[in-house]
Number of protein chains: 2
Amino acid sequence: MTVTIYDVAREANVSMATVSRVVNGNQNVKPATRKKVLKVIEELGYRPNAVARGLASKKTTTVGVIIPDISNSMYAELARGIEDIATMYRYNIILSNSDQNENKELQLLETMLGKQVDGIVFMSDVISSELLYEMKRSPTPIVLAGSIDDSNAIASVNIDYYGAAYEAMKKLIDNGHTRIAFVSGLFSSKVNKDKLKAYRQALEDASIEVDEQLVIECDNSYDEAIEAVNTLAPQKPTAYFVSNDEMSIGVIHGVEANGKKIPEDVEIISYENSKLARMARPMLTSVALPLYDIGAVSMRLLTKYMNGEEIEEKQVILPYRIEERASTKNA
Amino acid sequence: MTVTIYDVAREANVSMATVSRVVNGNQNVKPATRKKVLKVIEELGYRPNAVARGLASKKTTTVGVIIPDISNSMYAELARGIEDIATMYRYNIILSNSDQNENKELQLLETMLGKQVDGIVFMSDVISSELLYEMKRSPTPIVLAGSIDDSNAIASVNIDYYGAAYEAMKKLIDNGHTRIAFVSGLFSSKVNKDKLKAYRQALEDASIEVDEQLVIECDNSYDEAIEAVNTLAPQKPTAYFVSNDEMSIGVIHGVEANGKKIPEDVEIISYENSKLARMARPMLTSVALPLYDIGAVSMRLLTKYMNGEEIEEKQVILPYRIEERASTKNA
DNA sequence: CTGAAAGCGCTAACAA
DNA sequence: TTGTTAGCGCTTTCAG
């Protein structure tokens, strides 16, 4: 019923090998033969079976993508970067959500290796040691996208999260603030830990006492950010450094609900710079994360591993910038 | 180097068939044998090769997902619903962005069929006749998620877009408006055409003259929505029916920039009800689209096709509701 | 430039 | 309950 390479070979009076050659663009085929084969392929509606091909060649031209949650816009942006480059290199993507659950991550890794993916792009805020162990013994290359492995054992693409946070804090400090709140996402995330470190260091470097009451951990949501502002109110912060755009909008609404003006009374710097940053009122000054690029570069790096190319840089650090808008007073 | 079923069989002194049985949970294996095999599997670190399995069994336990753009939050939400149910049924997902480009869609379909996916979930605002033709001859089941094929030839999951739009318009009309603008996404999209139809019908049913100058087509973006408001200003609309939440925020900003108050001077009803609806000020009254559910139900429907189960309902219509918030005056 | 033939690793009758 | 044996559809030497 389904037409196979054998059917084509028979109809075209050539061997399977020859059909295989024309299908795979091998140049060692006489033009006339190629034409004849192509014609039969067309007539019969032959469609190469990628599974059989994968078994024979040990390459599936598909890569696994393990992502915390595709419905989270940050990850979706990363995923788009990954997919675009994958497509460019003729790979398909098996995409799975892990919800950052370690067991799921482990099991997903296993499943993808079982499916013989040629490579894996992995994203997670925390890389457990067991996960790291499994990644190291993976027969297939793995690269971390926007995710950090302290041991630097796995290839990765990131920005300098610490430096970006430090610079954001510096800007707030330079604007004269001494009561700066940090509304963070979960500290289980390595990136948020880095930001906290930068938060403290920037303050210390400016000889401003670090008040732990000004630091608040939430779940990255708009609602918790509003709550955070209320919790923080007694501390009278005059500026906020916020972990992402959605929370920043929560902070704006929380601050305005308390009758304060932005940026006159309170300044805010966000960290993400998604399109939300421009949709907020006032528009958000935000550390611009090149999410799409992180995804794209990760995938590009992975192709190099898959091709056995020389890798010049195993830990790629992409540049960031701070987009200044109306939530801060600018020079 | 990689350990195969044959290695396990040899080490465990059983046949490949027996190993295959225990790996696949076949009950026809003596417990003692099973245990022995499991032990060897563990020792050797045997991992079944899904590609070989796929070739032999003609099932890959993976489904293809063709989506316009995963970085668009509406589609990301759909995708999450699809993936969750796929996981529940032990399927993996090959995810590809089509950007609604017909050639890409066609080619993606071809690629996925080549990869021998067991089923496909397809999303697109427009289903061309060529695409429809190819879908009909697909050897593998296909279901449309949040997408419409006028001929009803392909299974699909949607809501009553027309009815939802009609109801939204009715609400605006009941609130006394006669100058209602419609800020729509592209009319190439079947869904937007339905909304337009409902827009007109609701007006006609209320004996309000339809003024085509009040209808404006944009690209679904925040920026174009702001522009639309300015373009519309001379028509003096007192209410807006808007195609999605992002555009609605643009409309809010455009309207407020012109010194009008919402909902006192101008009322707005959106269509999506993403988390943006609650993050807007005023919060948006919005037609609530059950995006996640559409994805989930689509995948569930697909599993039925893949299992050869009886399908009671080929065109599934899910319920919607209108979430009333502060952008309209409510009873 | 082309063909023959041996797998790739597994499933699924069919036997035993 | 277990083993034998064909394939699944294709790639890839190796000859010629």
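Lettering follows sequence order; numbering is per chain, from 1.
Under the 3.5 Å distance criterion, the side-chain polar atoms of B:N97 are left unmatched by any main-chain donor or acceptor of B:D99. Remark: side-chain polar atoms of B:T140 are paired, donor with acceptor, to backbone N or O of B:V117 under 3.5 angstrom. In terms of modelled atom types and a separation under 3.5 Å, the side chain of A:Q315 and the main chain of A:I154 share a donor-acceptor contact. Remark: side-chain polar atoms of B:D118 are not paired, donor with acceptor, to backbone N or O of B:K59 under 3.5 angstrom.
Between B:T18 and the phosphate of D:dG3, there is a side-chain N or O to OP1/OP2 separation shorter than 4.0 Å.
Among the candidates B:T61, B:T62, B:N49, the single residue satisfying the side-chain hydrogen bond (donor to acceptor under 3.5 Å, both in side chains) test with A:K115 is B:T61.
Regarding B:Q116, its CD atom lies at a distance of 19 Å from the P atom of C:dC10, rounded to whole Å. Distance CG (A:N13) to C1' (C:dG3): 13 Å, rounded to an integer number of Å. When rounded to the nearest whole Å, the span between CG of B:N28 and P of C:dA12 equals 14 Å.
Of all non-hydrogen atoms in A:N24 and A:R53, the two that sit nearest each other are OD1-NH1, 2.9 Å.
The residues A:K190 and A:D125 are annotated as not salt-bridged, no charged nitrogen and carboxylate oxygen being separated by less than 4.0 angstrom.
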When you check every protein heavy atom under 4.0 Å of nucleotides 8-16 of chain D, what one-letter string (B, S, -) results, 5' to 3'?
BBBBB----
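Each end of the helix from C:dC1-D:dG16 to C:dA16-D:dT1 gets its own rotation axis from five pairs of C1' atoms, and the angle between them is 30° to the nearest 10 degrees.
For the contact set between residues 29-41 of chain B and DNA chain D, defined by any heavy atom under 4.0 Å, the members are B:V29, B:K30, B:T33.
Checking B:N192 against B:Y161 by side-chain atom types alone, no donor-acceptor pair falls below 3.5 Å.
In the displayed structure, A:E312 atom CD is contacted under 6.0 Å by more than 12 heavy atoms of other residues, nucleotides or ligands. In B:E309, the CD atom is crowded: over 12 heavy atoms of neighbouring residues, nucleotides or ligands sit closer than 6.0 Å.
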